[in-house]
Amino acid sequence: MMDKTIKWGIMGPGGIARSFAADLMQTPGAELAAVASRSKERADAFAQEFGAARSYDSYEAFVQDEEVDIVYIGTLHPAHKEGMLLCLRAGKAVLCEKPFTMNAEEAEEVMRVARENGTFIMEAMWTRYLPAIVQTRTWIEEGRIGEVKMVTADFGFDIGWAPESRLLNKKLGGGALLDAGIYPVSFASMIFGQQPSRIMSSAHIGETGVDERFTALFEYEGGKTAQLSASVRLRTANNAFIYGTAGYIHVPNFLFASSASLHTDAEEPLVFTDNRKLKGYIFEAEEAMRCLREGRKESAVMPAAETCDIMRTLDRLRGQWGLEYTD
């Protein structure tokens, strides 16, 4: 089983799926077997470009493809839950793009069905598997910066005024929280290994009713804190800093992380650099395939329970702003 070729299917051939498929073509032991879209033309074009043997314009037919071992889901946010349920009930393993679902209730339903069917499931938080982030976690585990007390992380970009865009459409889960904010929130969850006991936050709700930007302060037991922000109408530095009692770690452009630096009083700064040529989706694909070959039902790096916990934290933030993804 350890050298078994894992055959992938892609549901939703959008922009992020294109990046994933491009990396998948360079992933040893991986094969893109099928692609599905509600549009036959899009499915056919994607399959031809990335060498998939089969294309479908029906998700229901796609999940019955016996050659597909695992499905990467890159559909629009509100379609994630139904897409995952369709795959899981057909016995397909799932790697689903973030945000995993629209809310914690949906996430819990999906995880329950995965357990009932004994099927592998994993949130595609690709940042966690990047070599610079792996090195960052290693430095922390080795105690190189002492006890971690504070995290700061931001991710912001400016799409301009585009009211017709998915990113500003409330019904489609637009706004900063689900598209950008999930990265710093998940990063803090990874570093502290828990969710905040107290949240203070402020969001700017724009003309289309979505959170165009927000800032949050998370408090944890023992006086630990995280200061997080995200935006879809404001470009930010996209930095992450992890401060400990004996030093700090800087991860520039952290969600795409190609480097990390360790700063302590005891030695000169130590810089880790990842000179990869690919975007980096290869690493989450390799993790999912390793889990399948070992017969695991989830990844220890992005556990199912933590995915649900993070969705609850996002729900708490929205609750403070009075934001619901409806008309």
Side-chain angles (χ1 to χ4, degrees), residues 73-89 94-117 119-128 151 153 155 166-167 169-203 205 209-211 214-221 226 228-230 232 255 297-327:
I73 296 178
T75 54
L76 295 176
H77 304 344
H80 284 184
K81 185 190 84 164
E82 292 306 322
M84 284 190 280
L85 293 178
L86 193 64
C87 291
L88 294 170
R89 287 169 176 154
V94 169
L95 174 65
C96 184
E97 261 308 327
K98 57 80 199 166
F100 190 73
T101 51
M102 296 293 287
N103 54 54
E105 183 179 1
E106 288 187 354
E108 289 160 3
E109 179 183 355
V110 170
M111 296 306 187
R112 182 175 64 253
V113 172
R115 288 193 301 271
E116 291 170 353
N117 286 271
T119 309
F120 173 84
I121 193 160
M122 176 176 142
E123 180 184 357
M125 182 48 69
W126 70 300
T127 296
R128 292 197 177 196
V151 167
F155 175 41
R166 172 189 67 81
L167 287 167
N169 187 326
K170 187 161 64 169
K171 290 177 64 177
L172 297 180
L177 185 64
L178 295 188
D179 265 276
I182 191 168
Y183 284 106
V185 170
S186 186
F187 187 82
S189 179
M190 178 188 72
I191 297 301
F192 286 123
Q194 59 181 304
Q195 301 308 301
S197 55
R198 185 183 180 205
I199 294 175
M200 292 165 282
S201 68
S202 176
I205 306 299
V210 304
D211 58 309
F214 76 86
T215 301
L217 176 64
F218 288 2
E219 291 185 356
Y220 304 83
E221 299 300 326
L228 313 172
S229 61
V232 294
L255 74 155
K297 303 306 179 186
E298 61 182 86
S299 166
V301 180
M302 189 69 254
E306 187 182 358
T307 288
C308 290
D309 287 344
I310 290 169
M311 291 308 305
R312 292 187 195 99
T313 296
L314 299 183
D315 287 354
R316 290 171 66 188
L317 284 163
R318 285 196 299 115
Q320 292 187 356
W321 312 333
L323 174 60
E324 296 183 2
Y325 297 116
T326 56
D327 290 329

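Quick caveat, the model's predicted, so the values are computed rather than measured.
Separating the CG atom in Leu76 from the CE atom in Met102 is a distance of 10.0 Å, to the nearest 0.5 Å. Between atom CZ of residue Phe100 and atom CE of residue Met302 there is a gap of 9.5 Å, rounded to the nearest 0.5 Å.
Glu106 meets the side chain to side chain donor-acceptor pair (under 3.5 Å) test with no other residue; sequence neighbours excluded. Legend: residues meeting ring-ring contact (aromatic ring centres under 6.0 Å, His included) with Phe192, ordered by chain and number and at least two apart, are Tyr220. Every residue was checked against the ring-ring contact (aromatic ring centres under 6.0 Å, His included) condition with Phe218, not counting sequence neighbours, and none meets it. The side chain to side chain donor-acceptor pair (under 3.5 Å) check on Arg316 picks up nothing, with sequence neighbours excluded.
Annotation for Glu306 and Arg128: closest pair OE2-NH2, 2.8 Å, computed over non-hydrogen atoms. Closest approach of Leu167 and Val210 over heavy atoms only: O-CG2, 4.2 Å. Nearest heavy-atom pair across Leu228 and Val185 is CD1-CA, 3.9 Å. For Met111 against Cys308, the heavy-atom pair with the smallest separation is CG-SG, 3.6 Å. Shown here for Lys98 and Tyr183, the closest heavy-atom pair between the two residues is CE-OH, 3.0 Å. Between Ile310 and Ser186, the shortest heavy-atom distance links the atoms CD1-OG, 3.6 Å.
Applying the ring pair (Phe, Tyr, Trp, His ring centres under 6.0 Å) rule to pairs touching residues 302-324 yields Phe214-Trp321, sequence neighbours excluded. Counting only residues at least two apart or in different chains, side-chain hydrogen bond (donor to acceptor under 3.5 Å, both in side chains) contacts with residues 74-86 comprise His77-Arg166, His77-Asp179, Lys81-Glu109.
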Practice task
Starting from the C-alpha separation in whole Å, work towards a yes-or-no answer on side chain to side chain donor-acceptor pair (under 3.5 Å) for Thr307 and Glu123.
Solution key: CA-CA 7 Å; Thr307 288; Glu123 180 184 357; 2.8 Å; yes

Problem - Residue pair Asp309, Thr313: steps toward the side chain to side chain contact (heavy atoms under 4.5 Å, CB included) verdict - result: CA-CA 6 Å; Asp309 287 344; Thr313 296; 5.8 Å; no

Exercise for the section: Walk me through it: do Arg318 and Asn103 pass the test side chain to side chain contact (heavy atoms under 4.5 Å, CB included)? Expected result: CA-CA 10 Å; Arg318 285 196 299 115; Asn103 54 54; 3.9 Å; yes

Practice task
Output, in order, the C-alpha distance, side-chain angles, deciding distance and verdict of side chain to side chain donor-acceptor pair (under 3.5 Å) for Gln194 and Ser189.
Solution key: CA-CA 6 Å; Gln194 59 181 304; Ser189 179; over 6 Å; no

Exercise for the section: Please report the C-alpha distance between Lys297 and Thr119 in whole Å, then the side-chain angles of each, then the deciding distance to 0.1 Å, and finally whether the side chain to side chain contact (heavy atoms under 4.5 Å, CB included) criterion is met. Expected result: CA-CA 6 Å; Lys297 303 306 179 186; Thr119 309; over 6 Å; no

Handout entry: Full working for side chain to side chain contact (heavy atoms under 4.5 Å, CB included) between Leu178 and Tyr325
Key = CA-CA 11 Å; Leu178 295 188; Tyr325 297 116; 3.4 Å; yes

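Between Glu116 and Arg89, no side-chain nitrogen of the basic residue sits less than 4.0 Å from a carboxylate oxygen of the acidic one, so the salt-bridge criterion is not met. A salt bridge links Arg312 to Glu108: at least one charged side-chain nitrogen sits closer than 4.0 Å to a carboxylate oxygen.
Asp211 contributes a side-chain N or O that, together with a main-chain N or O of Ala176, makes up a donor-acceptor pair within less than 3.5 Å. Judged by distance alone, the side chain of Thr127 and the main-chain N or O of Leu255 form a donor-acceptor pair under 3.5 Å. In this structure a side-chain-to-backbone donor-acceptor pair under 3.5 Å is missing from Glu298 to Ile121. A distance-only check finds no donor-acceptor pair linking the side chain of Ser229 to the backbone of Thr215 [under 3.5 Å].
Two residues are said to be in side-chain contact when any heavy atoms from C-beta on lie closer than 4.5 Å; Met84 and Val113 fail this criterion. Residues Phe120 and Val94 have side chains not in contact (no heavy-atom distance under 4.5 Å, counting atoms from C-beta outward).
The 12-atom threshold is not exceeded at CD of Glu105, counting heavy atoms of other residues, nucleotides or ligands nearer than 6.0 Å.
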